[in-house]
Structures are given as structure tokens and as C-alpha cells.
There are 2 protein chains.
Amino acid sequence: MSDFSNIEACPVRNVLDRLSDKWTMLVILVLGESKEMRFNEIHKRIGDISEKMLTVSLRKLEADGLISREVYPVIPPKVEYKLTALGQELLPLIDTITQWADRHMQQILQNRQQYNA
Amino acid sequence: MSDFSNIEACPVRNVLDRLSDKWTMLVILVLGESKEMRFNEIHKRIGDISEKMLTVSLRKLEADGLISREVYPVIPPKVEYKLTALGQELLPLIDTITQWADRHMQQILQNRQQYNA
DNA sequence: TCTTTGACTTACCAAAAGTAAGTATAAAAG
DNA sequence: CTTTTATACTTACTTTTGGTAAGTCAAAGA
């Protein structure tokens, strides 16, 4: 039983804090769909993420070594993102959650409705 | 390949949006540690969550049917929270991520340092 | 010369989360 | 018999995070 309250030293808190923001897990999922992806592709795929937050999310993932960023020196610019080996390890874990989501969304939506009634 | 951009209809987005906030996954994890838990126990276990956000997080989880909330009519008040069957299904999936975190935190911390240098 | 292209930045605004104080009520302490 | 303590919250206010829309850069094409 790890010490969640020791934020610096606790690996769970350290990693979970990074995943626990509005877009990170979804970005990882999307990047898992193809070998590599350009900025605007990811942006369109998600649809409602702002360019600003996509930039921020990608930078953090890059800093943690979960994705790599390759810049081609052309104009207009071309930048490709892809999961690193480390990022690919994390992918199936998040994907398992999405499969659970698929199985149980109906139930959850129903629960929400009941709760608000 | 699901349509992530259709937020209403996409189960992945629907569930991931709920998990993608600052505390939800951690609260589930903590509740998974014992059969049931009182408000202040959860609060202490996490350490740096505010009472306000713990309340909000618990209410959302309850609305989705992932946890149950039992109020004992005593004074001072006593309220017990525990994972429902649905919540217990989700627990190991999040826990798998924490195990991954344990295994790779050193590497990730190192990556972050390199990136900021 | 003017528009288009792609991956961003930036300034400003809105939403989520943090902080600290307050509420309710009865039993226990003084 | 007045004050303190206990627990699970609310509430008003501040700070942090995220959203919006416009701007930047440099070359290729009309």
C-alpha cells in the first residue's frame, strides 16, 4: 500500500498526476492508431481540443519520453509525432479502459440519468 | 476505430472525460484499498485534495454508479463510501497503470530532467 | 503581389480547482 | 450550564488550467 500523500516520492502520484488532465490519455490513444501522426492530423482526429492545449499536451508527453517529435525543415512546416517504446507500453493499459467504456457506457449513462432525477 | 470527435456518442470520450480530471482515478484507487471508507479517511489518505474537490469527485462517481454512499443518521455525521460492482471492475484497470508507473518512474523522471536541460 | 499552408504563439476570457471560513447538531468536557 | 469536539460537508473568494481567436513565419503558387 503506497503512500499517496507523499507526492514527490510516490510513483503512482507522479505518473497519475501527469495523466490526470483533460487531454493526455486521449492524445496517447490517438497516437496509438497509426505509426506516426502530424500535428493537424491529431487535432482533427480529436476535434474539440484547442491548438494551444494540443501543443501543451504533446510537449509534456515528449518531456516524459512517451512520444517523440520529429521536425522536418520544410515550409510550410512538417512535424511528426509518434509513441516511443515507453509510450507504446502504456497504450494497451489505457486502451483496456476504453474497451471497458464501450461495454459499460449504456449502464453509466442510465445511472447518471437516475441520479439526476 | 471509434469517432473520438463525436463527443456525445463516443463511449471512449464519454468515460474518458469523466476520468480525465485531477482526482477521480486516484479516488477510485484509494477506495479500492478497503471494503468501505469514510469521507475523512479518504481525505487523509490522499493528503492534498481539498474537501471541496473530494466532495465533487465523490458525487460524480456516485452519479455514474461507480461508488455507493451510505449515510448513517448520527451526530457527528458518518458517511461510508465504497466501490460498486461496476467500480470494482474498473479498479484493476487503473491499478495496472499504477504498476506500470512503479516500474517506469525512474526512467520518466530522468527523461524529464534531460528535456529541461 | 497576394493568398495559402502548417505548426505553432500570444493576449485575453472562461471554467476548474484551491483556500479558508462557516454550518449543523448532539454528546462530552469543563 | 456553557464551551468544546466531532464529522461531513458548503460557501465566498482567489488562483490555476484550459478555451478562443488572432497573429507569426517563410516559401510556393495564382
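Here the structure is a predicted model, which is why all the values come from computation and not from measurement.
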Task: Under 3.5 Å donor-acceptor, D21(A) side chain and T24(A) backbone - done: yes
Task: Donor-acceptor under 3.5 Å (S20(A) side chain, D17(A) main chain) - done: no
- [ ] Could you tell me whether the phosphate oxygens of dC8(C), OP1 or OP2, come under 4.0 Å of any side-chain nitrogen or oxygen in Y81(A)?
- [x] yes
Identify all side-chain donor-acceptor contacts of residues 66-75 of chain B below 3.5 Å with residues at least two apart in sequence or on another chain.
residue: R69(B); atom: NE; partner: Y81(B); partner atom: OH; Å: 3.2
residue: Y72(B); atom: OH; partner: E80(B); partner atom: OE1; Å: 3.0

TODO: Ignoring backbone atoms, test whether K22(A) places a side-chain nitrogen or oxygen under 4.0 Å from the OP1 or OP2 oxygen of dA15(C).
DONE: no
Open item on the list: Walk along nucleotides 20-30 of chain D from 5' to 3' and tag each nucleotide B, S or - by protein heavy-atom contact under 4.0 Å, base first, then sugar-phosphate.
Closed with: B-----BS---
Open item on the list: Can you tell me if R69(A) touches the phosphate of dC8(C), counting only side-chain N or O atoms and a distance under 4.0 Å to OP1 or OP2?
Closed with: yes
Task: Partner set under salt bridge (charged side-chain N to carboxylate O under 4.0 Å, His left out) for R103(B), not counting sequence neighbours - done: E89(A)
Open item on the list: Please report the end-to-end axis angle for the helix from dT1(C)-dA30(D) to dG30(C)-dC1(D), five pairs per end, rounded to 10 degrees.
Closed with: 30°
Donor-acceptor contacts under 3.5 Å from residues 49-57 of chain A side chains, at least two apart:
residue: S50(A); atom: OG; partner: M53(A); partner atom: N; Å: 3.2
residue: T55(A); atom: OG1; partner: E51(A); partner atom: O; Å: 2.9
residue: S57(A); atom: OG; partner: M53(A); partner atom: O; Å: 2.8

TODO: Ignoring hydrogens and angles, tell me if any N or O in the side chain of N116(B) forms a donor-acceptor pair with the backbone of R112(B) under 3.5 Å.
DONE: yes
TODO: Establish, with yes or no, whether the OP1 or OP2 oxygen of dA8(D) is under 4.0 angstrom from a side-chain nitrogen or oxygen of R38(B).
DONE: yes
TODO: Determine yes or no for a side-chain-to-main-chain donor-acceptor pair under 3.5 angstrom, with N14(B) supplying the side chain and E8(B) the backbone.
DONE: yes
- [ ] Indicate whether OP1 or OP2 belonging to dC9(D) is found under 4.0 Å from a side-chain N or O atom of R59(B).
- [x] yes
Task: Interatomic distance where CG belongs to N40(B) and P belongs to dC9(D) [whole Å] - done: 9 Å
Task: Closest-nucleotide 5' rank along DNA chain D - winner of D21(A) and K78(B) - done: K78(B)
TODO: Hey, could you give me each pair passing side chain to side chain donor-acceptor pair (under 3.5 Å) that has a residue in residues 32-41 of chain A? Not counting sequence neighbours.
DONE: E33(A)-R45(A)
